[in-house]
Every structure is written in C-alpha cells, then in structure tokens.
Novice: 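Okay, here's the structure, questions in a sec.
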Amino acid sequence: MGQSWDVKRLAGTLGAEVTGIRLAEIGAEETDAVKALLSRHKVLLFPDQHLSPDEHVALGLKFGELEGAHPNLAKPGMPSPHIFELKATEGGIADEWHTDLTFTEHPPLMSILNMVACPEAGGDTMWTDLIAAYNDLSEPMQEMLDGLTALHDARPHGNRDAMAIHPVVRVHPETGEKALYVNEHFTRRIVEMNAFESEALLAFLTRWVQNPRFTVRLHWTEGAIGMWDNRVTQHFVINDFVGERVIQRVTVLGDDPQGAGAPRWRPWTERATISATSHWDAQLYRFLRDRDSKQAAE
C-alpha cells in the first residue's frame, strides 16, 4: 500500500475511509492493496476523487469484467453502457435493505459508486455486515440455516419472472467466512419450508441484519467514490434529504454463490399436498418446474 495512504476505520464491524490515494492513477500493485482493504473492511470510501465517466469505468475494469448498467432499470443516454445512474428527482432511492441483484444467477461481486452530486445534509448510505450478523446467531440457528436455500425475484423492479435460488448462508470464496444471504427487498421464500415457516424465518433474519451493531453509515460528499463487497453486505439509502442527488455506478460481474454444503432437505413443493394454501407455493413450484425442464433439455 502507498506510503501516503491513510485508512480510518468507520465502525466496529465494517467500513473504512481511505485518503491520500488517486484512484484514477493506481496500477496493479495499488489495485491489489485496495482489494485487500475491501476484503478486510467490506466497504470503502474515497473522498475527493472526482472521476470522469471514462476513469470510473477504467477503475472498475481493474477489479474484473463489468456488467451492463442494470438488467431492469437501465436508462438511455448514459456516457457508457457500463454506467448505471440514479437521480433522486426521479425517485430512484433504494431505501430498503438489499444486496444488489440477488434475483440473478450470478449476483455482482462488487460495486463502485461515484457521487456526482449530493445534498449538503442527508442522503447517507448504510451498509450492514452479513458475516458479523451470521456469527452472532446461536449455533442451533446457524446449523439450520447452513442447510437451507431461498428463492429471490425481481418483483420490486416490476419483473416477476427474473428469479434465482441461492443458499441462505453464503461462503465467501476468498476468506471462507460465512454470511447471511437473504434480504427484505428480493428474497421471497425459503425453499425447504412451508410458506408460513418461511415468512416467520425471513421476518426474523431480515430484521436481524439491520441491528445497528452490524452497520456503518457513510456521509457522501461530491466527487467521493464508494465501493463495497456485494457478496457479504446489504445497503440502504436514507431518504431524508431535499435537493439533487445523482450517483453513477459500475458493477463487477459476480460468481456462483456457494453454500456451506448441499441443501439438507427437499423443496417444500416436492412433499406438500394440494390444499387451500397451495397458492403460496405457486411461484416456487413454477420456478423449479421450469429450471428442471431447462436442465433436462440441456
């Protein structure tokens, strides 16, 4: 790491502010150092960067192949097909806890956000540490969760047909740490439980990860760059401001989320009997049917 870098921890479990670095000019060695900081702190803030769109995209490419702007919410006219922009005046405030794009088969590895314009006060972003949240659960709860999977969909984006199943507990491919991998925005159903059990468990887990001791809150300034490990965090934008808030984001392609092992139980729909409550199972049944048909055709 560069001699002039200053790294300041921002909260007990995650988050650090890094100064004395010019992200537009980092080479391979400095990029590796930033990756190491991200692995340790999970969320990094770099004030006073003021990157151009080309510099923003070039920075993202140092960390891996980039995704397109967004599968459901992309807008025309962006300076690059890899840049996704949200403006507060257009209502694009993600004020619900979520991990990005978990309804896709390979959710993003990380994101790099460029704060183009922001109000003087308000509009902060919070992140929560999903590794710390898992580690603070009781051993019986951890053991049960290790054997479960969950169905995610893009219903908040108006696309009910975009769905994926991922482990409830994800293993970080680099550190081997376990992290809770369900969120209130995209997670619909625990696959191996009936709908009522699933509803109760998801209600607990999605509230559990919001415990303040797992979180960090970043205050934005114009020109700041923020990056986070999307595999082991959730984030939430605080909609408490008046004025223009413009962010641009590039996103690094992700991998296949891996659990601690294979699911320990069959999907609920494989053992459920037909009843008046079967409508709760229709989405899961349809997804598994279509997935099995596709795999058989291949």
Novice: Measure the shortest side-chain to side-chain distance between R286 and M163 over non-hydrogen atoms and say whether it is less than 4.5 angstrom.
Specialist: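 A side-chain contact under 4.5 Å exists here.
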Novice: Only counting residues at least two apart or in another chain, list the ones meeting side chain to side chain contact (heavy atoms under 4.5 Å, CB included) with W280.
Specialist: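 Result, side chain to side chain contact (heavy atoms under 4.5 Å, CB included) vs W280: A195, F196, T277.
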Novice: Between D229 (side chain) and M110 (backbone), is there a donor-acceptor pair under 3.5 Å?
Specialist: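 A pair under 3.5 Å: no.
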Novice: Return the NE2 to CG distance between H56 and L66, rounded to the nearest 0.5 Å.
Specialist: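 H56 NE2 to L66 CG: 9.0 Å, rounded to 0.5 Å.
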Novice: Is a side-chain donor or acceptor of H82 paired with a backbone partner of T251 at a separation under 3.5 angstrom?
Specialist: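 No; zero donor-acceptor contacts below 3.5 Å.
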Novice: Holding to salt bridge (charged side-chain N to carboxylate O under 4.0 Å, His left out), I want the full list of residues that pass it with E139, two or more places apart in sequence or in another chain.
Specialist: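 For E139 there are no salt bridge (charged side-chain N to carboxylate O under 4.0 Å, His left out) partners, ignoring immediate neighbours.
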Novice: For P107, enumerate each residue passing the side chain to side chain contact (heavy atoms under 4.5 Å, CB included) test, keeping only those at least two apart in sequence or located in another chain.
Specialist: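 Side chain to side chain contact (heavy atoms under 4.5 Å, CB included) check on P107 returns T104, H166, Y181, P257.
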Novice: Are the aromatic ring centres of F103 and H157 under 6.0 angstrom apart?
Specialist: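 So the answer is yes for these two rings.
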Novice: If we only count heavy atoms from C-beta on, is the V232 to D129 side-chain gap below 4.5 Å?
Specialist: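 No. Closest side-chain heavy atoms not under 4.5 Å.
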Novice: H98 and D100: side-chain donor and acceptor closer than 3.5 Å?
Specialist: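 Distance-only check passes for H98 and D100.
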Novice: For V209, does its backbone N or O pair with a side-chain atom of T128 as donor and acceptor, under 3.5 Å?
Specialist: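 Side chain of T128 to backbone of V209, a donor-acceptor pair under 3.5 Å: yes, one is there.
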Novice: State whether the side chain of S39 and the backbone N or O of K35 hold a donor-acceptor pair below 3.5 Å, judged by distance alone.
Specialist: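 A pair under 3.5 Å: no.
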Novice: For residues 11-22, which side-chain N or O atoms pair as donor and acceptor with protein atoms under 3.5 Å away, sequence neighbours left out?
Specialist:
residue	atom	partner	partner atom	Å
T13	OG1	F214	O	3.3
R22	NH1	Q49	O	2.3

Novice: Quick one: does L288's side chain get under 4.5 Å of I165's, heavy atoms only?
Specialist: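 Result yes, sub-4.5 Å side-chain heavy-atom pair found.
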Novice: Starting at CZ of R40, measure out to CG of L44 and round the result to the nearest 0.5 Å.
Specialist: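 It is 11.0 Å, given to the nearest 0.5 Å.
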Novice: Quick one: side-chain hydrogen bond (donor to acceptor under 3.5 Å, both in side chains) pairs with a partner in residues 143-154, sequence neighbours left out?
Specialist: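 Those involving residues 143-154 are T102-H152, Y134-D146, D146-K178, T149-E192, H152-T187, D153-R155, D153-R188, D153-Q283.
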Novice: Looking only at non-hydrogen atoms, find the nearest pair between L284 and V191 and report the distance.
Specialist: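 Looking at all heavy atoms of both residues, the shortest contact is CD2-O, 3.6 Å.
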Novice: Which pair of non-hydrogen atoms, one from T215 and one from M126, has the smallest distance, and what is that distance?
Specialist: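 Nearest heavy atoms, T215 then M126: OG1-CE, 3.8 Å.
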Novice: How long is the gap from CD on E55 to CD1 on I225, to the nearest 0.5 Å?
Specialist: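 Result: 9.5 Å between the selected atoms.
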Novice: Return the NZ to CG distance between K8 and L10, rounded to the nearest 0.5 Å.
Specialist: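 The distance works out to 6.5 Å.
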Novice: Mind checking what makes side chain to side chain contact (heavy atoms under 4.5 Å, CB included) contact with V116, not counting sequence neighbours?
Specialist: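 V116: side chain to side chain contact (heavy atoms under 4.5 Å, CB included) contacts with N114, V246, Q248.
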Novice: For A224 versus L45, what's the shortest heavy-atom pair and its separation?
Specialist: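 That closest heavy-atom pairing would be CB-CD1, 4.1 Å.
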Novice: Kindly say whether V237 contributes a backbone atom to a donor-acceptor pair with the side chain of D124 at under 3.5 angstrom?
Specialist: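 Side chain of D124 to backbone of V237, a donor-acceptor pair under 3.5 Å: no, none is there.
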Novice: To the nearest 0.5 Å, what is the distance between OG (S111) and CZ (R249)?
Specialist: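 Answer rounded to 0.5 Å: 4.5 Å.
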Novice: Show me the pairs that pass side-chain hydrogen bond (donor to acceptor under 3.5 Å, both in side chains) and involve residues 252-263, at least two apart or across chains.
Specialist: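 Of all non-adjacent pairs touching residues 252-263, those that pass side-chain hydrogen bond (donor to acceptor under 3.5 Å, both in side chains) are R170-D255, D256-Q258.
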Novice: OG1 of T31 to CG of L38: how many Å apart, nearest 0.5 Å?
Specialist: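 Interatomic distance, T31 OG1 to L38 CG, rounded to 0.5 Å: 12.0 Å.
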Novice: Supply the members, apart from Y285, of the Ile/Leu/Val/Met/Phe/Trp/Tyr cluster built from side-chain contacts under 4.5 Å; use none for a lone residue.
Specialist: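 Answer for Y285: none, a lone residue.
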Novice: Would you tabulate the side-chain donor-acceptor contacts of residues 200-208 under 3.5 Å, counting partners in other chains and residues two or more places apart, or write 'none'?
Specialist:
residue	atom	partner	partner atom	Å
T206	OG1	L202	O	2.7
T206	OG1	A203	O	3.4
W208	NE1	A133	O	2.8

Novice: Mind checking side chain to side chain contact (heavy atoms under 4.5 Å, CB included) for Q295 and listing every partner two or more places apart, or none if nothing turns up?
Specialist: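 Q295 satisfies side chain to side chain contact (heavy atoms under 4.5 Å, CB included) with R291, D292 only.
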Novice: Indicate yes or no: at least one non-hydrogen side-chain atom of M115 is less than 4.5 angstrom from one of E222.
Specialist: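 No, side chains not in contact.
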Novice: Any side-chain heavy-atom pair from L130 and Q234 closer than 4.5 angstrom?
Specialist: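 A side-chain contact exists here, since the closest heavy-atom pair is under 4.5 Å.
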Novice: Under the salt bridge (charged side-chain N to carboxylate O under 4.0 Å, His left out) test, which residues partner D136, sequence neighbours left out?
Specialist: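 Per chain and number, D136 pairs via salt bridge (charged side-chain N to carboxylate O under 4.0 Å, His left out) with R213.
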Novice: Using ring centroids (six-membered ring only for Trp), state whether H235 and W228 fall under 6.0 Å.
Specialist: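 Yes, close enough.
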Novice: Locate the shortest heavy-atom distance separating V43 from W127; write the atom from each residue and the value.
Specialist: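 For V43 and W127, the tightest heavy-atom pair comes out as CG2-CG, 3.5 Å.
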Novice: Looking at side-chain heavy atoms only, is the closest gap between I190 and W268 below 4.5 Å?
Specialist: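 They are not in contact (no side-chain heavy atoms under 4.5 Å apart), so the answer is no.
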Novice: Of all residues at least two apart in sequence or in a different chain, which pass the ring pair (Phe, Tyr, Trp, His ring centres under 6.0 Å) check with H172?
Specialist: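 Testing H172 for ring pair (Phe, Tyr, Trp, His ring centres under 6.0 Å), a comparison that skips the adjacent residues, returns none.
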Novice: Decide yes or no for R245 and K87: does some side-chain heavy atom of the first lie under 4.5 Å from some side-chain heavy atom of the second?
Specialist: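 Of all side-chain heavy-atom pairs linking K87 with R245, none is under 4.5 Å.
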